[in-house]
A.B. asks: 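One structure is given below, represented as structure tokens, and several questions about it will come after.
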Amino acid sequence: HIDIDNLSKNAHTNSLSDMLDGKIGGVQMYQSNGKVGMPIRFNMRSGATMSMERDPIIYVDGVKYNSSHISDINSSQDALSALNDLTIDDIATIDVIKGPSAAASYGAEAANGVIVITTKRGKNNNPENRKADIQVKMSLGAATLARKYDQFVNNDPINNFFQTGWQKTIYTSVSKAFKGNQNLFFSYNMNDIAGIVPGNKDKRHSAKMAYDLRSGRFSLGATASYIHGNISLPQTAMGRYDAIWNLMINQTPWPYVDESTWRAQSWTYGNDRFIGNLRLSYMLPADIKIETIIGADVNHTEGIYRLPFGYKLGNNAEGAKNISNRRNSNFNWDIKATRKFHLADKWDLTATLLSQIARQYETLNSISASRFRSDIDNISAATERTVTESSFEQRTWGLYGEAFLNYDNRFFVNAGLRRDASNLIGSNVASIYYPSLSASYNLKNQKFRIAYGESGRLPYPTDARTSYVMDGISAYGSIVKPQYKGNPNIKPERMREIELGTDWTIRNRHTLALTLYAQYTSDAIIYDDLLSSDGWIGSVPRNVGRIKGHGIEFSYNGNLWKQANRHSLDVYANLNYQANKVTDTGGKDINNYPNVVKEGQPVYAFYYHTVEKPAFNADGTYNQKIGAIESNDYQYLGKPFPSVNGSFGFDLKLFSHFTFGTKWNYALGASIYNQSFYNVSGLGDNLKKRNDQLQALANATVGTAEYNQIAEELAHSARFRANYIEKANFLRLSTLYLGYDLSSLSRRWTRNCFFVESIAIILS
């Protein structure tokens, strides 16, 4: 549980990743690249899954939020993040559910965990809050390249390419309580954020209103938010036609596309989103509480890519234009009944029955046009046009029952069972059951807990059903060809998890938590190749994969120093260890070299030939063309997820007014495949390390120890994959802030006109 409202009083944050990364044990978050608007990626606990879909389910005020990344006019590496539509200053709290409790309530989609976001609402209705509460916040900032490139022979073009990205945000909210147990909340937010890549901008306006009413046994809550955005995402991760590749690859920059052509192109998204819910609650006779929530998340995104006429890209100098129209809609309806029973002295039982219905529907229409006759990019004027459309629907229904036993608020037992059905499951699979069981015991300053739960990960939309596609006309009529071979027996991937933990509180100033967990994944989906002689192409999915994972999570929060309300020093730290191993692939390895899914290895391990020695010609000279001799066998070379990660930091308050704090993140045990340098080493001439080695070789005498040593170094910088799988350990200063609270002065200065409760100035 994170209290975002308190966090934002001290430091300014631009994204969900800034808030959560390093604050929660077992959760790693990172952005896919450094541009504004990029997706946030998640890795929960050991990552014991063969799926690369690792993003958790996100609920905002009870609405199932569509967090899909959009790359309709970009590459998947330059996708648009739906999480940017969340107004950070509207968030009150965030709960991250990552263990068996995720299975308890969310079933077939909860294997990646659940993030529950609660936004701000009106003040409680009491005499002190009858006046309107107004908050105004303005942030001004700048983003610059954090570390200049020095790995190339010619570094200046790439360093000079980046710009200073100016940032401006304005947020205001009004909260008011009314007679009759009513309260109202309204907020408006404006973001105008530019990135360090030229042309990368995110302009966004959002407004939110929340209304609450309580009257006797009845309560009502409603929330409505509207977001309008214009986002520009220039291409920087698309290979030979993007900016970074052209600046890195050769000592003479822009070898494959002119700089003027890259800058003339535009990649823009217009984005409109509505998020709303209606929550009703009524206490029936016999103390049965009925709650229902109806939620909607409706999003329309229009993407436009333009290459103006007269700028040459590849073999096209006559312009291009791509237009995409995407409409995503999520609807969910939850009904929950709760009844509390007093069994005996100090013994209570709470029974809950929950029904959850969710529907996700997406449509995408796109037009790609190129080669216009003049500087007019109307689609009808294009010589070449391609039109595509697609749709996707997901329907799920979950029924969940829970019994919660409480003895004297010290001993707790919780048992639950969930039944899930979905149109993404095979037609021969009626439904899936997920049990959960947990217990905890509280002493005065210590808590012991144990939990077991099961959850799932749904198949892909094309996994369950066989489909065909129309492909032309023959003399006998329309031609129908096989498209996807579905499996009517396909089930969700199943994750079983057991967790042990304990929490200590020492002198009411220090809190320590230790959790040990083990994960067992079965029914992981493996795709078997089909035989074209059977009339099919592609693959068919099967539930045959198995993975084991385990980990340890440790956290500490403490107050090391406190003097009245004037001075205090709070510190925190967390450390997470995680590991996984593939135990069954159904007899088939999944090879996407240098990554593999292979029995006995971590998921997506780097597994490839190693470089054994340099390649020499018969006369003893180094053979630059061949470069090196690789091993015959494959070897484990690392994994893309860390074994250990976490964070630490402190918050210091001095003289009641000054605040100062910092957060550091770290990770150990992960590797990366540096494909950029791999390409530059073999396709270009700009990698400084290799250039220096070649120059040193030219000055050395053939056959000498010095010559052979340089040849050895060249062999390990040549364009072989194993040479560019590198350690990814880091220690990063991620947050630093300094604040001054002017509240006492503001109350004194404004007591005769209007009442200002607090003013704060923060540099972060």
Side-chain angles (χ1 to χ4, degrees), residues 1-8 13-32 38-47 49 51-69 81-120 208 223 225 227 273 275 277 293 295 297 299 328 330 332 334 354 356 358 360 396 398 400 436 453 455-458 495 497 499 515 517 519 553 555 574 576 578 645 647 665:
H1 176 82
I2 302 260
D3 188 336
I4 299 298
D5 203 14
N6 282 337
L7 278 180
S8 63
T13 54
N14 278 330
S15 71
L16 204 62
S17 178
D18 288 344
M19 288 182 171
L20 296 184
D21 190 29
K23 289 285 187 180
I24 298 173
V27 180
Q28 187 186 19
M29 302 174 67
Y30 47 95
Q31 290 185 254
S32 58
M38 290 294 97
I40 299 169
R41 307 290 184 182
F42 294 83
N43 192 46
M44 294 278 196
R45 288 195 160 174
S46 73
T49 174
S51 170
M52 289 304 289
E53 298 293 332
R54 294 170 180 242
D55 292 346
I57 310 171
I58 296 178
Y59 278 82
V60 180
D61 293 327
V63 179
K64 189 178 181 183
Y65 187 83
N66 190 331
S67 58
S68 302
H69 310 313
S81 174
L83 291 177
N84 289 330
D85 286 337
L86 294 174
T87 299
I88 299 301
D89 287 299
D90 268 343
I91 298 176
T93 63
I94 297 177
D95 291 279
V96 178
I97 308 170
K98 61 194 175 190
S101 32
S105 298
Y106 299 97
E109 298 178 78
N112 292 339
V114 185
I115 293 180
V116 179
I117 296 174
T118 304
T119 64
K120 297 174 183 176
K208 176 203 165 188
T223 307
S225 300
I227 302 99
R273 188 173 204 139
I275 306 171
N277 71 28
I293 181 168
D297 175 11
N299 183 213
N328 296 345
N330 274 14
N332 62 284
D334 298 0
L354 170 68
Q356 289 184 316
Q360 178 183 348
T396 58
Y400 174 65
S436 62
S455 56
R457 186 178 285 103
L458 286 171
M495 179 182 286
E497 184 172 53
E499 170 181 300
T515 302
Y517 66 88
Q519 296 175 329
E553 299 167 2
S555 66
N574 66 67
N576 314 294
Q578 57 191 16
N645 67 81
S647 72
N665 290 69

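FYI, the numbering just counts along the sequence from 1.
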A.B. asks: Just verifying a value: how many Å separate Leu86 CG and Ile58 CD1, rounded to the nearest 0.5 Å?
C.D. replies: 7.0 Å
A.B. asks: The criterion is side-chain contact (heavy atoms from CB on, under 4.5 Å); which residues satisfy it with Ile293, sequence neighbours excluded?
C.D. replies: Asn277, Arg279, Asp334
A.B. asks: With heavy-atom distances below 4.5 Å as the criterion, would you say the side chains of Pro56 and Val114 are in contact?
C.D. replies: no
A.B. asks: Are the side chains of Ile2 and Ile24 in contact, using a 4.5 Å heavy-atom criterion?
C.D. replies: yes
A.B. asks: Determine, stepwise, if the pair Asp61 / Ile117 fulfils side chain to side chain contact (heavy atoms under 4.5 Å, CB included).
C.D. replies: CA-CA 6 Å; Asp61 293 327; Ile117 296 174; over 6 Å; no
A.B. asks: Quick check: closest heavy atoms across Leu83 and Ser67, and the distance to 0.1 Å?
C.D. replies: CD2-CB, 4.2 Å
A.B. asks: Apply side-chain hydrogen bond (donor to acceptor under 3.5 Å, both in side chains) to Thr396 and list each qualifying residue two or more places apart in sequence or on a separate chain.
C.D. replies: none
A.B. asks: Just do the side chain to side chain contact (heavy atoms under 4.5 Å, CB included) check on Gln360 and Ser68 with the steps written out, would you?
C.D. replies: CA-CA 11 Å; Gln360 178 183 348; Ser68 302; 4.3 Å; yes
A.B. asks: Check side-chain hydrogen bond (donor to acceptor under 3.5 Å, both in side chains) between Gln28 and all other residues, then give those that pass, not counting sequence neighbours.
C.D. replies: none
A.B. asks: Going by side-chain hydrogen bond (donor to acceptor under 3.5 Å, both in side chains), name the residues that satisfy it together with Ser46, two or more places apart in sequence or in a different chain.
C.D. replies: Gln519
A.B. asks: Measure the CD1-NZ distance between Ile227 and Lys208 for me, rounded to the nearest 0.5 Å.
C.D. replies: 11.0 Å
A.B. asks: Kindly indicate whether the side chain of Phe42, heavy atoms from C-beta on, has any atom under 4.5 Å from the side chain of Lys98.
C.D. replies: no
A.B. asks: Shortest non-hydrogen contact from Met38 to Ser81?
C.D. replies: O-CB, 3.4 Å
A.B. asks: Give the C-alpha distance, both sets of side-chain angles, the deciding distance and a yes or no for side chain to side chain contact (heavy atoms under 4.5 Å, CB included) between Ile94 and Val116.
C.D. replies: CA-CA 6 Å; Ile94 297 177; Val116 179; over 6 Å; no
A.B. asks: Do Thr87 side-chain atoms and Asp89 backbone N/O form a donor-acceptor pair below 3.5 Å?
C.D. replies: no
A.B. asks: Are any of the side-chain nitrogens in Asp297 or Lys64 under 4.0 Å away from the carboxylate oxygens of its partner?
C.D. replies: no
A.B. asks: Check whether any side-chain heavy atom of Asn330 sits under 4.5 Å from a side-chain heavy atom of Val63, and report yes or no.
C.D. replies: no
A.B. asks: Heavy-atom distance under 4.5 Å between the side chains of Asp95 and Ile115, does that happen here?
C.D. replies: no
A.B. asks: Verify side chain to side chain contact (heavy atoms under 4.5 Å, CB included) between Val60 and Thr119, making sure each step is shown before the conclusion.
C.D. replies: CA-CA 7 Å; Val60 180; Thr119 64; 4.1 Å; yes
A.B. asks: Just how far is it from atom CZ of Arg457 to atom CD of Glu109, taken to the nearest 0.5 Å?
C.D. replies: 11.0 Å
A.B. asks: Partners of Asn328 by side-chain hydrogen bond (donor to acceptor under 3.5 Å, both in side chains), sequence neighbours excluded?
C.D. replies: none
A.B. asks: Distance from Asn665 atom CG to Met29 atom CE, nearest 0.5 Å?
C.D. replies: 11.0 Å
A.B. asks: Answer yes when Asp90 and Lys120 have at least one side-chain N-carboxylate O distance shorter than 4.0 Å, and no when they do not.
C.D. replies: no
A.B. asks: Is there a donor-acceptor pair closer than 3.5 Å between any side-chain N or O of Asn576 and the backbone N or O of Gly26?
C.D. replies: yes
A.B. asks: Applying side-chain contact (heavy atoms from CB on, under 4.5 Å), name anything that partners Thr515, two or more places apart in sequence or on another chain.
C.D. replies: Arg45, Arg449, Glu499, Glu553
A.B. asks: Would a 4.5 Å heavy-atom cut-off, applied to side chains only, mark Ser647 and Asn574 as touching?
C.D. replies: yes
A.B. asks: Are the side chains of Tyr65 and Ile275 in contact, using a 4.5 Å heavy-atom criterion?
C.D. replies: yes
A.B. asks: Kindly compute the distance separating CG (Asp55) from CE (Met44), expressed to the nearest 0.5 Å.
C.D. replies: 9.0 Å
A.B. asks: Let me confirm one number: the OG-CD distance from Ser455 to Glu497, rounded to the nearest 0.5 Å.
C.D. replies: 7.0 Å
